[in-house]
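Taking it in order: structure first as structure tokens, then the write-up.
In each ligand, atom 1 is the first atom listed, and ligand 1 is the first ligand listed.
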Amino acid sequence: MVSRVIPVDPFDLVIFGGTGDLAQRKILPALFRRFCAGQWADGVQIIGAARTKHDGATFRQVVAESLKTHASVQCKDAAALAAFLHCVDYVALDDGSDEGWSTLAAKLQPDRVRAFYFSVGPRLFGSLAERIQSHDLATEQTRIVVEKPFGHDLDSAKVLNATLAAHFREKQIYRIDHYLGKETVQNLMAVRFGNMLFEPLWNSQYVDHIQITVAESVGIDGREEYYERAGAMRDMMQNHLMQLLCLIAMEPPAKFDPDAVRDEKLKVIRALDPVEPHHIVRGQFEGGGPSYRQIVGNPRSTTESYVALRAHVSNWRWAGTPFYLRTGKRLVARSSVINVMFKDAPHSIFGEQAGRHANVLSIRLQPNEGITLKVTIKEPGQGGMRLVDVPLDMSFAEALGPENQEPPDAYERLVMDVIRGNQTLFMRGDEVEAAWAWTDPIIAGWQSRGDVPKPYESGSTGPGDAELLMKRDGRRWQGINP
Ligand code: BG6
């Protein structure tokens with residue numbers, strides 16, 4: 001299967017924070033890969049903008065170095081690199097002064113898409129938005145891109161939304177949750193709404209429960225200060241896992257268009273019940289290596305590096321079907337999987353000795369992207385009707401051929417969607433606020449109860465209490481396998 005590239009017209013992309021980690025590690029390599037894939041021909045301008053006193057030439061050297069480290073192997077061709085760098089420029093400017101802004105204005109071309117990527121901390125969003133307006137840089141074709149964390153709680157998210165809304169229309173604001181740019185996350189919608197097979201069974205009548213696991217083997221090294229304030233709930237659950245839950249639980253949108261999809265996701269978030277305290281487990285890694293507390297240098301830290309919870313979507317489709325979500329750092333493997341656990345057959349014609357067997361649909365998001373359906377068959381051979389579960393296993397890389405061995409990075413898709421003006425895979429302001437409205441009481445509850453996370457070993461599957469959370473319901477987590 002050959003991937004199809006639909007070229008885009010020339011655009012100007014300004015990356016505020018262009019010298020920063022995200023720009024160098026993710027945004028610029030993603031643009032480079034799109035360039036190598038033939039996404040645009042000539043005339044594109046990618047302008048780094050930051051306080052550092054670079055000029056175009058020295059910034060291009062910095063970019064060349066990062067691309068050598070972060071762009072994928074097939075793009076490390078010298079001619080392609082030189083051609084890409086030809087599109088790259090730099091302006092030194094400051095959100096707090098007018099210096100540099102007229103230089104930036106002079107570089108921007110009229111009558112083309114103009115995107116401003118705010119790859120900076122949220123406290124700069126307001127001042128940057130203001131300068132863009134006061135220097136008359138916003139045109140009809142202007143879009144702004146903002147990164148997570150989008151707020152720290154509901155109030156701060158509202159303030160951010162209001163700040164951006166004072167300068168831009170919602171249609172111009174692209175809030176990134178990079179999970180939505182992952183190929184396999186988009187595939188959730190294709191699997192659900194592109195096949196007749198699953199959707200009739202996709203409800204509480206046939207589904208016993210759903211497990212969503214985003215396990216990471218990495219820790220928090222290098223991000224201690226941010227993580228200590230965020231924890232797993234704000235860093236992963238409020239956004240990435242919430243988005244996965246939405247895509248799994250939502251009603252079919254009438255069409256694959258930004259508002260139709262986001263309206264349905266919003267309905268899921270709004271249908272979430274508050275989470276009962278005894279349905280949440282927080283953990284913090286300790287043992288099996290340096291502890292979380294040692295890493296952040298705070299012997300009394302109560303920030304969670306793991307969280308597991310049971311959520312309920314109170315609507316017609318899902319009443320009575322729990323969703324178990326868990327995520328954590330320093331776990332046994334990097335593995336993001338959604339397991340749809342179907343109910344047992346209502347009656348076994350094979351008698352008690354055949355045991356109980358339920359189908360499981362596992363959607364592996366990363367790594368080793370693919371789908372496995374556990375089905376029940378007869379165990380071969382003599383000895384009566386004995387049943388056994390076998391996997392119908394499909395790896396996307398194998399099924400789709402060698403060109404698709406390495407899925408594109410989420411940022412490739414997302415940055416190009418900004419240029420194309422497609423907001424489907426970006427979060428709307430009301431969606432983010434609804435997610436915080438569900439998250440805030442959970443965090444407030446921990447604070448008011450003085451909750452301390454349960455310790456778990458690095459390299460384990462998380463705290464034992466997370467197993468109990470399931471066991472109490474007569475269920476158990478599927479394994480975390482690489
Ligand atoms: C980020 C979180 O949003 O997502 C990180 O801040 C986390 O803590 C990362 O490690 C996970 O992303 P991915 O793409 O590696 O699954």
Near [X], which atoms of ligand 1 are under 4.0 Å from a heavy atom of that residue?
{"X": "K148", "result": "1 (C), 2 (C), 3 (O), 6 (O)"}
{"X": "H178", "result": "1 (C), 3 (O), 4 (O), 12 (O), 13 (P), 14 (O)"}
{"X": "K329", "result": "5 (C), 7 (C), 8 (O), 10 (O)"}
{"X": "D235", "result": "2 (C), 5 (C), 6 (O), 8 (O)"}

Shortest protein contact, [atom] (heavy atom only):
{"atom": "atom 5 (C) of ligand 1", "value": "R223 NH1, 3.4 Å"}
{"atom": "atom 9 (C) of ligand 1", "value": "E216 OE2, 4.0 Å"}
{"atom": "atom 16 (O) of ligand 1", "value": "Y179 OH, 2.5 Å"}

Could you tell me if [X] sits above the aromatic ring of [Y], with its cationic atom closer than 6.0 Å to the ring centre and no more than 45 degrees from the axis?
{"X": "R34", "Y": "W40", "value": "no"}
{"X": "R175", "Y": "F426", "value": "no"}
{"X": "K148", "Y": "F150", "value": "no"}

Taking atom CZ as the centre, does R476 end up with more than 12 heavy-atom neighbours from other residues, nucleotides or ligands that are less than 6.0 angstrom away?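 At most 12 heavy atoms, drawn from other residues, nucleotides or ligands, come within 6.0 Å of this atom.
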Partner of Y324 by side-chain hydrogen bond (donor to acceptor under 3.5 Å, both in side chains), out of H209, R475, Q211, H279: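 Checked H209, R475, Q211, H279 against Y324; only one passes side-chain hydrogen bond (donor to acceptor under 3.5 Å, both in side chains): R475.
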With a 4.5 Å heavy-atom cut-off, do R330 and S305 have their side chains touching?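 Not touching, per the 4.5 Å side-chain cut-off.
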